[in-house]
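Residue numbers run from 1 in the order of the sequence given. Order of appearance sets the numbers: ligands from 1, and atoms from 1 within every ligand.
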Amino acid sequence: MNAPTDRAGGLDVVVVGAGFGGLYALHRLRGLGLSVRVYEAGSGVGGTWFWNRYPGARCDVESLEYSYSFSPELEQEWDWSERYAPQPEILRYINHVADRFDLRRDIQVDTRVTAAAFDETSGRWRITTDRGDDVSARFCVMATGCLSAVTTPDIQGLSSFRGDWFHTGQWPHEGVDFSGQRVGVVGTGSSGIQSIPVIAQQASHVVVFQRTPNFSLPARNEPLAPATQAEVKADYGALRDAARSSFSAIAVAPPTEMAMEVEPDERQRRYEAAWARGGLMSVTTTFRDLILDEAANDTAADFIRSKIRETVDDPEVARVLTPTDHPFATKRPCLDTGYFETFNRDNVTLVDLRQTPITEIVPSGIRTTAAVHELDCIVFATGFDAMTGPLLRVDIRGRGRRPLSDKWSAGPRTYLGIATAGFPNLFILTGPGSPSVLSNMVMAIEQHVDWIADCMSFMAANELDAIEATVEAEDTWVDHVNQLANATLFPRANSWYMGANVPGKPRVFLPYVGGFPQYRSTCDDVAADGYRGFRLTVSPAADPR
Ligand code: FAD
Ligand code: NAP
């Protein structure tokens, strides 16, 4: 294969971000003979697993699946210790990958890309960083992640707080010793639900500030038996194939029945079995209409609510912990180890922010409309400006120097979640409009990187310099993504999927909800059809429209 040549000096590709996505992009694109440089804001590789070092952090897709599939040797040589590996182990794995594939020599850490501008004269991207780098590249690949732009609530008085405060998504590398501390945790999404039980075991007292109660399923984490691991490794391809052909890119038999087709006793039996099995693919995949039909969803939601009541000793605390304002799974379901049980501990207090909102942070703690909670430290488990945030925090400009933030002011517009019209030769990994966060993200990343690498090979073979989504293809795709989302219950929740967690963010369902296999086959068809919906030209400088 002819590698695309760098005709104007500079690099072939700049990749922004060195998480699972950026590392695999570097490996694949370098394999095409391209010159690639990766810029990473953190001081090491790993992305999510570099930043999110809070107590209890671990994956919620099983490790045997939440891992790269591109190298059979890598699959065989790496052993996972638990059903869901803890953060340090995942970070070790990613570092192992960086070393094993000799990736570090093309990665510049401690460097944040501040701007990327398409120069219509040269047809190249000009990329600048906070360290003074100013480079040009034919292609720019945004591997900035879906959940890397943290959001800390703007609460009056935070700077006056006498103790330390932390965000789960930017956890100190040296760790935090909570022994003897009074800790306030704000937020009860996945990060809060994972960390609260662990913090409560160490701290003298934990106050949980809950705005919205959440559905959480038991993880049933356990050591990974060597025999189980050996069995998977004996035919790893079969597990990966099963994942690739499943809706969430996680190997699970697709549910066939609707919830209301089944007698109540039998439905209960199935939910109980799923609860006992644990994991993301448990209650969620018991029936096929849970995310489509409110009555079906209610059966699952009621089942989980009954489990909360059974687990939590104090009925009033159980009531406050019980989600009632959104259908089950319309927010990302959480997985926990002893979350609801933690509220039976003497050293844990739940504060219902719906009843008594935070008014300010004072030097000694957090003041609500009811009381001042005296604290030594505060943990913000308040999440991320998801999917669009990491992209819009970079000053990205396309044709006519138009800012991406301007083009996306009413919500993101992409073709396949991978490209956006007016921004030639810019690729987005797991961008809005792709399955991304609704799937096993490592598999979603591999699919995107492979598609982009194949596209660059095609361009080289056909001596093409530029690829750009057409406005028509993009409009059709955005409509399709919205139509699919509107046929589900997802828009009913104030979730980060909807952008609802960030004040002022347009309310748009961000990921593609048609499932990973459908999406993958659309991407493959587009490529097989000569990159239908894209304009491929010999000169990127020419506006193809
Ligand atoms: P990231 O890992 O987010 O990496 C992006 C990198 O880009 C970051 O290192 C960031 O510093 C860097 N970056 C961003 N902007 C710039 C810039 N301007 N300049 C330079 N560098 C920049 N998904 C699952 O499928 N299963 C799970 O179990 C799971 N668990 C998760 C647990 C947590 C705590 C979180 C927060 C997310 C989890 N996710 C999970 C989603 C997770 O983000 C993805 O699985 C995956 O790690 C994303 O990899 P990535 O390379 O696309 O992005
Ligand atoms: P999140 O799901 O967005 O949860 C943030 C929490 O903070 C919510 O409870 C939110 O309440 C609350 N909050 C935000 N602003 C607040 C404010 N001003 N005052 C009070 N409460 C406030 O974020 P996350 O828990 O970090 O998880 C984000 C995603 O990362 C997950 O959905 C998942 O995809 C991934 N993740 C996965 C794992 C895992 O198990 N492997 C662990 C962590 C994260 P509201 O609901 O009312 O907005």
* To do: Determine, stepwise, if the pair Y39 / I107 fulfils side-chain contact (heavy atoms from CB on, under 4.5 Å).
  => CA-CA 6 Å; Y39 290 110; I107 302 172; over 6 Å; no
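- Side-chain atoms of R104 come within 3.5 Å of backbone N or O of N95 as a donor-acceptor pair.
- Taking only non-hydrogen atoms, the option from Y24, Y66, F20 nearest to atom 44 (C) of ligand 1 is Y66.
- Summary of contacts: the protein heavy atom closest to atom 46 (O) of ligand 2 is K331 NZ, 2.7 Å.
- The closest non-hydrogen atom to atom 13 (N) of ligand 2, taken over R211, H326, Q210, comes from R211.
- Ring centers of Y93 and W78: under 6.0 Å apart, within the cut-off.
- Considering backbone and side-chain atoms alike, G21 places an N or O below 3.5 Å from some N or O of ligand 1.
- No salt bridge links E40 with R112; every basic N to acidic carboxylate O contact stays at or beyond 4.0 Å.
- The shortest heavy-atom distance from S439 to ligand 1 is under 4.0 Å.
- The shortest heavy-atom contact between S67 and Y236 is OG-OH, 3.8 Å.
- Side-chain contact between E89 and S81 is present, with heavy atoms from C-beta onward closer than 4.5 Å.
- With contacts defined as side-chain heavy-atom distances shorter than 4.5 Å, the pair L510/T388 qualifies.
- Listed by number with element, the atoms of ligand 1 under 4.0 Å from a non-hydrogen atom of D60 are 26 (N), 27 (C), 28 (O), 29 (C).
- The shortest separation from a heavy atom of V186 to ligand 2 is under 4.0 Å, placing the residue in contact.
- Geometrically, ligand 2 and N214 share no nitrogen or oxygen pair separated by less than 3.5 Å.
- Between the R83 side chain and the L224 main chain, no donor and acceptor come within less than 3.5 Å of each other.
- The shortest heavy-atom contact between S434 and S436 is O-OG, 3.1 Å.
- The aromatic ring centres of F166 and F380 sit 6.0 Å or more apart.
- Here A143 has backbone heavy atoms under 4.0 Å from ligand 1, and that is the only part of it that gets that close.
- Scanning the protein for heavy atoms near atom 23 (O) of ligand 2, the closest one is G383 CA, 3.2 Å.
- Only the side chain of Y54 comes within contact range of ligand 1, with a heavy atom under 4.0 Å; no backbone atom does.
- At least one donor-acceptor pair closer than 3.5 Å links the side chain of H167 to the backbone N or O of G383.
- Not a single heavy atom of T168 sits closer than 4.0 Å to an atom of ligand 2.
- Within the structure, the closest approach of T111 to ligand 1 falls below 4.0 Å when heavy atoms are considered.
- Any N or O atom pair closer than 3.5 Å counts here, and L147 shares no such pair with ligand 1.
- Contact between L335 and ligand 2 is absent, with no heavy atom of the residue lying under 4.0 Å from the ligand.
- Heavy-atom proximity to atom 32 (O) of ligand 2, evaluated over F209, W496, Y84, is greatest for W496.
- Judged by distance alone, the side chain of R124 and the main-chain N or O of L11 form a donor-acceptor pair under 3.5 Å.
- A salt bridge is absent between R211 and D352; no separation between the charged side-chain nitrogens and carboxylate oxygens falls under 4.0 Å.
- Contacts with ligand 1 closer than 4.0 Å are made by no heavy atom of Y84, backbone or side chain.
- By the criterion of a heavy-atom distance under 4.0 Å, the side chain of W51, and not its backbone, is placed next to ligand 1.
- Not a single N or O atom of F384, backbone or side chain, sits closer than 3.5 Å to an N or O atom of ligand 1.
- With ligand atoms numbered from 1 in the order given, ligand 2 contributes 39 (C), 40 (O), 41 (N) to contacts under 4.0 Å with heavy atoms of R58.
- Using a 4.0 Å cut-off between heavy atoms, T144 contacts ligand 1 through both its backbone and its side chain.
- Taking a cut-off of under 4.0 Å to the non-hydrogen atoms of E40, the atoms of ligand 1 that pass are 6 (C), 7 (O), 8 (C), 9 (O), 10 (C), 11 (O), 12 (C), 20 (C), 21 (N).
- Under the 4.0 Å criterion applied to side-chain N and carboxylate O atoms, R240 and E65 are not assigned as salt-bridge partners.
- Nearest protein neighbour of atom 6 (C) of ligand 2, counting heavy atoms only, is A381 O, 3.3 Å.
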* **Step-by-step ring pair (Phe, Tyr, Trp, His ring centres under 6.0 Å) determination, H326 to F490** => CA-CA 9 Å; H326 61 280; F490 279 113; over 10 Å; no
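- Using a 4.0 Å heavy-atom cutoff, L429 is absent from the residues neighbouring ligand 1.
- Contacts with ligand 1 closer than 4.0 Å are made by side-chain heavy atoms of N52 only, the backbone lying farther away.
- Looking at ligand 2, you'll find an N or O of D60 within less than 3.5 Å of one of its N or O atoms.
- Checked by distance only, ligand 1 and R332 stay at 3.5 Å or farther apart across all their nitrogen or oxygen atoms.
- Relative to atom 38 (C) of ligand 1, the option among T48, V449, I90 with the closest non-hydrogen atom is T48.
- Residue T111 holds its OG1 atom at 13.0 Å from CD1 of I127, rounded to the nearest 0.5 Å.
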* Please lay out, stage by stage, how L64 and W80 fare under the test side-chain contact (heavy atoms from CB on, under 4.5 Å). => CA-CA 7 Å; L64 285 167; W80 294 106; 4.2 Å; yes
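- Of the protein's heavy atoms, G189 CA, 3.5 Å lies nearest to atom 4 (O) of ligand 2.
- Nearest protein heavy-atom neighbour of atom 47 (O) of ligand 2: T212 OG1, 2.4 Å.
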* Asked: ring pair (Phe, Tyr, Trp, His ring centres under 6.0 Å) between F384 and W496: does it pass, once the steps are laid out?
  -> CA-CA 8 Å; F384 303 88; W496 60 258; 8.2 Å; no
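- A heavy-atom separation below 4.0 Å is found between F384 and ligand 2.
- Taking 4.0 Å as the cut-off, Y54 counts as a neighbour of ligand 2 on heavy-atom distance.
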